[in-house]
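Right, one structure below, let's go through it.
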Number of protein chains: 2
Amino acid sequence: MFGGEQGMRRTTYPVVVRRRGPALEQAIFEAALEQLIATGYARFSMEAVAAAAQTGKASLYRRWGSKEQLVLDALSASLPRALEPPDTGSLRADLLAVIGALSAAMTSRTGCAARAVISELDHERAAAFVGLIHKQILDPAHLVLLQVVRAAVDRGEADLEAATPMVLDVVPAMLLYRGKTQQGRFTEEDARALVDQVLLPALLRPAPPPEDGGG
Amino acid sequence: MFGGEQGMRRTTYPVVVRRRGPALEQAIFEAALEQLIATGYARFSMEAVAAAAQTGKASLYRRWGSKEQLVLDALSASLPRALEPPDTGSLRADLLAVIGALSAAMTSRTGCAARAVISELDHERAAAFVGLIHKQILDPAHLVLLQVVRAAVDRGEADLEAATPMVLDVVPAMLLYRGKTQQGRFTEEDARALVDQVLLPALLRPAPPPEDGGG
DNA sequence: CTTGGAATGAACGGAGCCGTTCACTAACCT
DNA sequence: AGGTTAGTGAACGGCTCCGTTCATTCCAAG
């Protein structure tokens with residue numbers, strides 16, 4: 001009637017399988033990224049990461065002397081290497097594709113964790129992350145935008161001089177701003193508005209008189 | 001030889017003058033803003049504010065049941081009411097004036113404290129601040145930009161339809177982004193670049209065909 | 001002057017987290 | 001099989017901060 005002892009032992013507890021080496025590090029990195037998303041860097045704690053990764057604090061401290069080191073390594077290991085520039089044949093479509101890709105990247109787990117760090121980049125406690133954020137996020141974003149503009153220049157669609165740092169900064173700035181102030185995804189409609197209302201006018205603006213050097 | 005007891009008592013300790021009512025609240029608000037700037041909201045602590053304001057925690061808790069209430073009141077009390085639109089007679093100069101004013105506001109003590117909160121606006125712990133930030137910072141910024149665009153429309157310089165939410169968001173977005181990623185002040189040169197390379201092209205862009213409604 | 005309320009500093013028990021240590025044991029290698 | 005290394009969970013002493021309480025004292029008002 002009861003089906004034996006096996007049926008009675010339905011309430012079993014999760015058994016922690018010991019991981020070692022790279023498998024453990026991967027679990028720790030995942031826990032670290034989740035912790036960054038949930039609490040930000042300010043309240044990031046080694047103890048919480050160890051608990052989430054189902055390991056001991058000693059295992060963390062054997063590898064990373066501080067939370068700063070752990071976060072640097074977790075982000076470094078997770079951030080994508082480079083962005084592939086699209087090649088649609090039109091500047092508008094390329095820009096839409098880049099923004100789509102950046103927006104998707106920013107809403108990924110790694111992207112959310114990185115945004116948490118970016119949010120704190122002007123605090124001294126996040127000083128160690130400035131280089132990483134520029135090198136692995138902001139500069140690559142600039143680069144892929146510049147690549148699509150260059151392709152447009154080659155097609156005779158745009159003027160390279162229009163793609164100033166200020167114009168290029170608008171893309172990450174707006175993605176971050178909207179992510180902060182309007183919870184939710186940067187939609188395709190948002191992307192179209194940004195491209196049509198801001199970026200294309202900026203990139204296709206007439207060259208200024210020579211005395212008017214831009215910044 | 002020793003000049004008497006008075007000379008020996010050179011090592012005196014600061015005497016705390018008791019404040020009461022509004023004067024104490026002012027001191028607490030100032031300490032709260034400084035604490036926001038130094039640590040952000042995540043690590044904002046009532047104990048640190050009490051210590052900085054040279055008062056007891058009980059005095060804080062008599063008035064504010066939580067750090068959230070205190071921060072709401074401190075920001076509310078400190079943020080400026082409205083921004084006066086400039087009237088230079090030219091859209092470009094008006095935009096430069098608005099950006100200058102917004103930039104100055106953002107680097108003030110209250111502005112820095114508000115930016116700390118804005119940085120955390122997408123965390124659930126900052127949910128209570130969303131309304132205040134929109135109402136007292138973001139919406140007024142939009143409004144003053146809209147006011148200068150309207151004046152330009154009246155002068156025949158611009159088309160009101162070009163001043164979409166996306167275009168207007170570029171200003172706070174860029175100020176916040178540059179403040180975060182390029183420590184230091186948003187310079188007048190930066191303001192000119194933003195106006196000439198991004199805002200004017202966007203605001204003076206030709207109206208799109210009617211089917212192309214922007215966001 | 002007296003009175004009552006508010007301010008100040010100290011203390012409390014508790015929670016969270018730190019960095020470290022340790023006993024036990026799983027995992028790996030020979 | 002044995003030996004070694006690394007992982008796990010617990011514990012430690014210490015620190016910060018919480019919300020609360022309390023004794024003392026200041027201060028404004030009557």
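Hydrogens, waters and symmetry mates play no part in the numbers below; they use all other heavy atoms, side chains included. Below, read A as the first sequence line, B as the second, and so on, with proteins coming before strands; counting in each chain starts at 1.
Counting only residues at least two apart or in different chains, ring pair (Phe, Tyr, Trp, His ring centres under 6.0 Å) contacts with residues 23-46 of chain B comprise B:F29-B:W64, B:Y41-B:F129. Residue pairs satisfying the salt bridge (charged side-chain N to carboxylate O under 4.0 Å, His left out) criterion with at least one member in residues 43-60 of chain A, sequence neighbours excluded, are listed as follows: A:E47-A:K57. Listed by first and then second residue, the salt bridge (charged side-chain N to carboxylate O under 4.0 Å, His left out) pairs that reach into residues 63-73 of chain A are A:E25-A:R63, sequence neighbours excluded. Pairs engaging residues 33-42 of chain B under the salt bridge (charged side-chain N to carboxylate O under 4.0 Å, His left out) rule: B:E34-B:R109 [sequence neighbours left out].
Residue A:T55 has no polar side-chain atom (N or O) positioned under 4.0 Å from OP1 or OP2 of D:dG7. Contact annotation: A:R63 reaches the phosphate of D:dG7 (side-chain N/O to OP1 or OP2, under 4.0 Å).
Rounded to whole angstrom, the span from the CD atom of B:E47 across to the P atom of D:dT21 amounts to 17 Å. Note: CG (A:L60) to P (D:dA6) measures 16 Å, nearest angstrom. Protein atom NZ of B:K67 is 13 Å distant from nucleotide atom C1' of D:dT16, rounded to whole Å. A:Q54 places its CD atom 7 Å from the P atom of D:dG9, with the value rounded to the nearest Å. Rounding to whole angstrom units, CG of residue A:L70 and P of C:dC18 are separated by 11 Å.
Taking every side-chain heavy atom of B:R18 into account, D:dT25 is the closest of D:dT25, D:dT8, C:dA27.
Remark on DNA chain D: of its neighbouring residues A:R62 and A:K57, the 5'-side contact belongs to A:R62, judged by nearest-heavy-atom nucleotide. Of the two residues near DNA chain C, A:M46 and A:A58, the one whose nearest nucleotide lies more 5' is A:M46.
Across B:V98, B:L91, B:V171, a single residue satisfies side chain to side chain contact (heavy atoms under 4.5 Å, CB included) together with B:L199, and that is B:V171.
Among the atoms of the strands shown, base atoms are found under 4.0 Å from some heavy atom of B:S59.
Remark: A:H142 engages A:D169 in a side chain to side chain donor-acceptor pair (under 3.5 Å) (not counting sequence neighbours).
Near DNA chain C, meaning a heavy atom under 4.0 Å away, the residues from residues 20-41 of chain B are B:R20, B:G21, B:L24.
B:L83 and B:A141 get closest at one heavy-atom pair: CD1-CA, 4.4 Å.
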